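A short write-up of the structure that comes next.
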Protein chains: 2
Amino acid sequence: MSEQAHFLRREKEAVTIQRRKVQGEAGSSVEPLQLGKRVREIRLGRNLTLEEASNLTGLARSTLSKIENEQISPTFTAMTKLANGLGIDIPQLFSPAIPETQASGRRDITRKGQGKLHPTATYDHELLAAELSGKRMIPYRATIRARTFEDYPDWVRHEGEEFMLVLSGKVCLFTEFYQPVELEEGDSAYYDAAMGHVVTSLSDEDATILWVTA
Amino acid sequence: MSEQAHFLRREKEAVTIQRRKVQGEAGSSVEPLQLGKRVREIRLGRNLTLEEASNLTGLARSTLSKIENEQISPTFTAMTKLANGLGIDIPQLFSPAIPETQASGRRDITRKGQGKLHPTATYDHELLAAELSGKRMIPYRATIRARTFEDYPDWVRHEGEEFMLVLSGKVCLFTEFYQPVELEEGDSAYYDAAMGHVVTSLSDEDATILWVTA
DNA sequence: ACAAAAAGTTTCCTATAAGAAACTTTTTTA
DNA sequence: TAAAAAAGTTTCTTATAGGAAACTTTTTGT
């Protein structure tokens with residue numbers, strides 16, 4: 001159902017790619033949630049063949065085909081395999097499909113170092129995508145000053161979930177109920193933000209972190 | 001998200017953080033999804049008998065019993081009926097059971113390169129925080145192969161919003177309704193995922209991107 | 001405690017999901 | 001183009017889910 005991504009397509013290859021969609025409309029009205037359609041989108045989005053998807057999920061090629069064509073209603077077991085194998089977000093499969101027409105279109109690009117700044121005592125916050133309001137996620141880059149160990153703050157707590165990725169340096173993540181962990185460049189963490197949390201620097205240089213809050 | 005303002009505290013509070021519950025490194029193993037147990041909890045929580053639940057969901061009393069006793073793996077259809085009839089939160093059913101002791105918060109650490117891999121033709125997906133399901137955000141690191149310009153896939157579209165940050169290399173972000181943009185290391189973008197989008201590499205080496213979907 | 005009713009489980013049968021392999025269609029290669 | 005390969009679909013079979021009703025256990029009322 002996706003349109004074709006015409007623009008940057010290079011001639012001969014282009015044709016190849018156009019051919020992908022247009023499977024039977026298969027208007028199975030039984031399931032208002034077009035599970036199969038979505039699974040297919042996800043698989044194709046990852047450029048996988050049924051064969052490859054089969055290997056990843058442990059489900060038979062034919063089974064996948066039938067799921068995608070809405071010929072069967074997969075079991076919980078099958079769906080779990082799907083989710084684990086393809087990295088599918090299950091909740092999404094249970095929500096109503098997005099009408100094509102509703103394709104809205106907000107976009108905001110933030111260049112390196114061009115975010116909106118919020119300097120504070122220990123962290124520096126650089127808000128990304130600050131132009132867009134009403135976002136589901138709030139991304140920002142934080143700079144953790146070197147060795148702020150002694151005077152780091154109390155637990156931070158707030159609604160939602162938080163993801164962080166260490167971009168440089170070495171930090172220590174403290175979260176309530178868990179052991180502190182050291183995180184280096186490339187390491188990431190995901191946690192409930194209602195749980196107390198705090199990050200401190202462990203390196204001689206400042207550490208930078210990408211943070212996304214939902 | 002009011003997480004600022006906590007930094008001003010000092011010394012004496014520092015102690016606070018030392019004492020936190022000792023708890024093994026979380027969520028690293030795949031726990032059995034105790035679907036049935038959870039369904040039962042929910043039903044009983046609502047003070048419903050199987051008979052009543054049956055009326056609400058349209059599933060047979062016996063079927064419900066078997067689901068709760070983990071004797072069968074319900075189909076997508078059945079799960080939808082369950083969810084609609086009992087107001088069950090599907091994501092929860094797919095998350096590993098949370099031990100009581102850590103009920104107050106979930107956390108998942110993913111080390112660099114240790115995420116769950118999803119190799120595909122053009123991108124490599126490394127799922128982060130893969131142990132946690134039912135998340136509001138799905139973070140992953142993608143490797144965009146060098147010059148995959150010609151054979152990238154069709155528009156990708158899905159529900160939600162997406163944030164991306166270029167970790168290395170140089171890529172081109174195509175989004176429907178907008179001009180393509182070149183993004184280099186440190187640049188980021190935020191957009192509605194229902195809008196067609198695709199990323200290709202522009203550099204000689206592979207590019208890596210952090211992606212977060214909500 | 002006893003019956004009766006209600007709640008829950010199991011059995012048995014039918015419908016349907018899952019897998020293997022045959023078959024069809026699409027894409028690639030020469 | 002034709003032939004081969006790859007991708008996808010369908011068929012056939014087996015395993016298992018879903019529903020009706022019998023059966024068992026628990027609760028309620030006297």
Side-chain angles (χ1 to χ4, degrees), chain A residues 1 4 9-28 30-31 33 35-86 93, chain B residues 33 35-86 93 120-122 150-154:
Chain A
M1 61 308 310
Q4 23 303 61
R9 187 148 286 143
R10 245 78 158 226
E11 27 255 8
K12 51 183 181 182
E13 306 284 326
V15 193
T16 302
I17 300 177
Q18 315 278 42
R19 287 308 92 85
R20 309 213 77 141
K21 63 295 195 62
V22 190
Q23 311 301 0
E25 189 66 353
S28 117
V30 185
E31 296 289 5
L33 324 170
L35 174 82
K37 216 172 165 186
R38 306 241 216 143
V39 171
R40 173 152 291 178
E41 269 174 16
I42 289 163
R43 177 175 63 83
L44 293 180
R46 303 219 193 312
N47 253 33
L48 295 170
T49 65
L50 285 177
E51 180 68 34
E52 295 168 318
S54 170
N55 292 332
L56 285 169
T57 59
L59 292 168
R61 201 160 86 252
S62 56
T63 303
L64 291 171
S65 170
K66 282 180 276 190
I67 290 173
E68 293 188 353
N69 291 302
E70 322 235 293
Q71 290 172 8
I72 62 178
S73 172
T75 60
F76 176 74
T77 306
M79 294 190 65
T80 303
K81 287 181 184 172
L82 257 186
N84 291 338
L86 297 185
L93 297 181
Chain B
L33 308 175
L35 175 79
K37 197 177 163 213
R38 305 237 213 147
V39 172
R40 174 152 290 177
E41 270 171 19
I42 290 164
R43 176 174 64 82
L44 293 179
R46 304 223 193 317
N47 256 30
L48 296 171
T49 65
L50 285 177
E51 179 66 35
E52 294 168 318
S54 169
N55 292 333
L56 285 171
T57 59
L59 292 169
R61 198 159 89 255
S62 57
T63 303
L64 290 172
S65 171
K66 282 180 277 191
I67 290 173
E68 293 188 353
N69 290 302
E70 321 238 286
Q71 291 172 10
I72 62 177
S73 171
T75 59
F76 176 73
T77 306
M79 295 190 64
T80 303
K81 288 180 182 173
L82 256 187
N84 292 338
L86 298 186
L93 299 182
T120 68
T122 39
E150 315 76 18
D151 52 18
Y152 66 88
D154 252 338

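To find a chain, count down the sequence lines: A is the first, B the second, and so on, and within it residues start at 1. This is a predicted model, so every value here is computed, not measured.
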> Under 3.5 Å, is there a donor-acceptor pair between the side chain of R46(A) and the main chain of L86(A)?
Replying inline: yes

>> Please find the pair of heavy atoms, one from G85(A) and one from T57(A), that lie closest to each other, and give the distance.
In response: CA-CG2, 4.0 Å

> Please walk me through it: do R43(B) and R40(B) pass side-chain contact (heavy atoms from CB on, under 4.5 Å)?
Replying inline: CA-CA 5 Å; R43(B) 176 174 64 82; R40(B) 174 152 290 177; 3.6 Å; yes

> What bend angle does the helix from dA1(C)-dT30(D) to dA30(C)-dT1(D) show across its length, from five-pair end axes and to the nearest 10 degrees?
Replying inline: 40°

> Checking E70(B) side chain against L35(B) main chain: does a donor-acceptor pair fall under 3.5 Å?
Replying inline: yes

>> Side chains of L64(A) and L82(A), heavy atoms from C-beta outward: is any pair under 4.5 Å?
In response: yes

> In B/S/- notation, 5' to 3', how is nucleotides 8-20 of chain C contacted by protein heavy atoms closer than 4.0 Å?
Replying inline: BBBB-----SBBB

>> Please give me the minimum heavy-atom distance between L50(B) and R61(B), naming the atom from each residue.
In response: CB-CG, 3.6 Å

> Would a distance-only check, ignoring hydrogens and angles, find a side-chain to backbone donor-acceptor pair under 3.5 Å from T75(B) to T75(A)?
Replying inline: no

